[in-house]
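Keep in mind that what you see is a predicted model, and the values were worked out from it rather than measured. Letters go in sequence order (proteins before strands), and every chain restarts at 1.
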Amino acid sequence: MEQNLQGGGKNPLKKLGNKWSTFMEDTRTRWHGFLRLSPREKGKRALGWLGDNALYLLILVFVLGVFFYNSSFLSFGSIVNILMQSASRLLMALGVAGIIVLTGTDLSAGRCLGLCACICASLLQANGVANKMFSRLTFSPALILLALLVSLLVGGAVGACNGFMVSRFKLHPFIVTLGTQLILYGAVMWYVSLGQNNSAPIAGLAPAYTRLVTGGFRILGVQIPNYLWIVLGVTVLMWVVWNKTVLGKNMFAVGTNPEAAAVCGVNVSRTIVTVFFLAGLLYGASAFVECARVASNSTATGVNYELDAIAACVIGGVSFMGGIGKISGVVLGVFLLQLVNAGLVFLNFEPAVMTVVKGAIILIACAIDMRKYIAKR
Amino acid sequence: MEYLLEMRGIEKSFPGVKALKGVDLRLRPGTVHALMGENGAGKSTLMKCLFGIYQKDRGQIFVGGKEVHFAGPRDALEGGVAMVHQELNQATKRTVMDNIWLGRYPKRGGFVDEAKMRRDTLVLFREVGITLDPDAVIGTLSVADRQMVEIARAISYRASILVLDEPTSSLTEPEVEHLFRILDSLKKKGCGIIYISHKMAEILAISDDVTVMRDGAFISCDRAEDLTAGEIIHRMVGRELVDLYPEMEGEVGEELLRVSHLSARHARVKDVSFSLHRGEILGFAGLVGAGRTEVLETLFGLRAREEGHLYLDGKELTVRTPRDAIRGGIALLTEERRANGIFGGLSIVENACICSYPRYRGALGLLSGAKMTRDTARLAKELQVKTPSLSTPIRLLSGGNQQKVILGRWMLTSPEVLLLDEPTRGVDVGAKYEIYRLIGELKKQGKGVVVVSSELPELMGICDRIIVMSGGRISGEVSGKESTQEEIMTLAAKFA
């Protein structure tokens, strides 16, 4: 017990090595302990393990199934493609994850992204496009930066408003974001009717912008888009925020026990508002990427994205109980969800089936999550 | 039939721990049987096995000579076993009678017969001698009243075996006496009562038999008249406890904190003035609801203040939020550890460092995990926290160890004034001594310590002075060593 209380040496490599060897030792003792059990107890434990990991096993079986049906599913190109799709969805999931850690949820994320994407698109239409929304606006590279800033600003403002309503009036985020979702929908409808757009999809984006986001280099004939680097950078940043800053620590504390956090001098309201604000910023960043990917932005852009984001978080072990979750889990969750999505596409399933499957995944993931917290008897 | 209930060789394991290692319990009809042991000794687990909440791994249970297998509480209730749990599990937004008849509402023509419910409730209340409105929403009642409702509910099952798990922890003296009268009448009817409590005086006053458990094992079962408090404690902890309270060293110095005319806006705190000196342990005594917790919470900025000033070292300190208090050098250990003390799912390191994060910021404002772990490791050693590792979620520790971690959390903030609200509640005898020793250490360092406690012997054992509150006001002050329980109780009832 004594050496367990020590934090490990200064050398990070050595620390990692120590961690690894304790993990291996732990695994070994657990395995030996398992072997000593009676057959009946063995069965019970095995079933318990299966239950805890049912979702991952189901996904594994499904992926292998798709692979045997069509082996190109797991080809290099296909996997990179799935990874890139995941990357485009990751930013939003990272934002929603923070809110789920606070025991909340965000139903307005998709619409928020939609509004930001439409704003980006309207600012970044190429010159000379027919029915250009703001006909007197001439495209220049500086506008790309402006569009990004406006997108972040709008996203951040929406998030901060959500957070304010939650912390000031003690409303559940479910209700608050249900309300903002509608408000944002109205706002997008109004926005796309501006100028000469007449509520049409905003298309004809400047190539300089789309190239900046979706362009990139090729490996083995597969395109690696530039936005991957943005997403990777932001993910690392979010890892730092979650694990190495007072805000991150306070976020987990508030998610676990807000009353105790208040006693400890944590500014609970500010923490909530900041987490929502950060989520909003991430939606804004996500919109900047999505706008270029979609190319033709309308009131339908971003609709129901939040459901994917929430599902990914739950699959990745961010618990609705609050105070539990890891960035690595969110990344894994987003990837697994995209993997399933892509698999269903490969099997030529209809959208109706795909939607049902997604719903079922959320339910299974939540049920498995709760299983861990229900007292074992 | 010699025994109403016989439990033989009960074993129960949880992942990683053997909670019960072959425990026996024999309950004679018409007796109160005390079940004693430190926290974590397995008393509650044993009772949950009896009540069907847990399934025993091995062993036999006989009720009235017949072996039983209860699959759940419903089975147990039908089999003649009722239980009052340690925690209040009530539907707080529903009425008193809804709670009492929950799960067995009387029906007429398919609909719930509210009139009969009300009648039956009143009959039941008359029988056990409590006067509460059956239609009152239970969440609006005091904890003591809710506890009495819970006891009445258990009695309403007309069970021959009644289990009471720490029923008096939130009851006042007269209510405890009332409860004992009820238990006496049940005894006369031939019921058997299993009684779990940490209050030694109670145990010796009402029990006929005493079973002692330690570390999940059966230690002894004797007639109560053959035992003394010292002997029971000795068996519970498995070693000689020479003193319940350590010797408190250090002199009382100059004034550290002065509180003048403090009143709370939404709570019963009226015109409270007192001063605390360096190296002083100041006790707050009073009945439940006297406003002691509220005084601490108002001082700490958790409750809105109506009036009053705070002077620390002669300078006025403005406290609007807990942050102001912490910055000013005040710490508050709250009464309800689970509700607003611990962060259950978070590690011991995170629980210990939560109040001092700014101190661990390094370059770029990032937190240094190594520094936090090092300080926590030092604390854990100093306070003798028993834990598998520092990354263990705190909810997996015993109550005493959790309390030590939270005390450590406040010590990391280097406070001058420590407000401790029931610091030893739900903590076993061994850990209690550790906590007293720690308070003594703080006194020696010249800090000011305020201790709120409902256990008078504890206050008299460790405090220099004791302030008695009643009905939200200070009703008197006594010296810690030379007062008597009677003197304090008289003051406590002054404005009640």
Tell me, side chain or backbone of [X] under 4.5 Å from chain A's heavy atoms, or both, or neither?
{"X": "B:Arg337", "answer": "neither"}
{"X": "B:Arg338", "answer": "backbone"}
{"X": "B:Thr321", "answer": "neither"}
{"X": "B:Phe343", "answer": "both"}
{"X": "B:Ile342", "answer": "backbone"}

Atom [atom1] of [X]: over 12 foreign heavy atoms under 6.0 Å:
{"X": "B:Phe51", "atom1": "CZ", "value": "yes"}
{"X": "B:Arg378", "atom1": "CZ", "value": "yes"}
{"X": "A:Lys42", "atom1": "NZ", "value": "yes"}
{"X": "B:Lys21", "atom1": "NZ", "value": "yes"}

**Prompt:** Can you say whether A:Val240 sits under 4.5 Å from chain B via the side chain, the backbone, both, or neither, judging by heavy atoms?
**Reply:** side chain
**Prompt:** What are the two closest heavy atoms between A:Val246 and B:Leu367, and how far apart are they?
**Reply:** N-CD1, 3.7 Å
**Message:** Give me the atom names and distance for the closest heavy-atom approach of A:Val263 to B:Leu332.
**Reply:** CG1-O, 4.1 Å
**Request:** Report the residues that fulfil ring-ring contact (aromatic ring centres under 6.0 Å, His included) with A:Phe174, sequence neighbours left out, ordered by chain and then residue number.
**Result:** none
**Asked** Taking the side chain from A:Asn257 and the backbone from B:Ala339, do they hold a donor-acceptor pair closer than 3.5 Å?
**Response** yes
**Fill in**
Heaviest contributor of heavy-atom pairs below 4.5 Å to chain A, chosen from B:Leu364, B:Val349, B:Ile326, is B:Ile326
**Prompt:** Atom CG in B:Leu366, atom CG in A:Asn243: separation rounded to 0.5 Å?
**Reply:** 11.0 Å
**Item:** Criterion side-chain contact (heavy atoms from CB on, under 4.5 Å) on A:Lys244 and B:Arg361, from CA distance to verdict
**Value:** CA-CA 9 Å; A:Lys244 292 285 164 193; B:Arg361 271 197 293 225; over 6 Å; no
**Item:** Criterion side-chain contact (heavy atoms from CB on, under 4.5 Å) on B:Tyr357 and A:Asn250, from CA distance to verdict
**Value:** CA-CA 9 Å; B:Tyr357 279 143; A:Asn250 284 350; 3.9 Å; yes
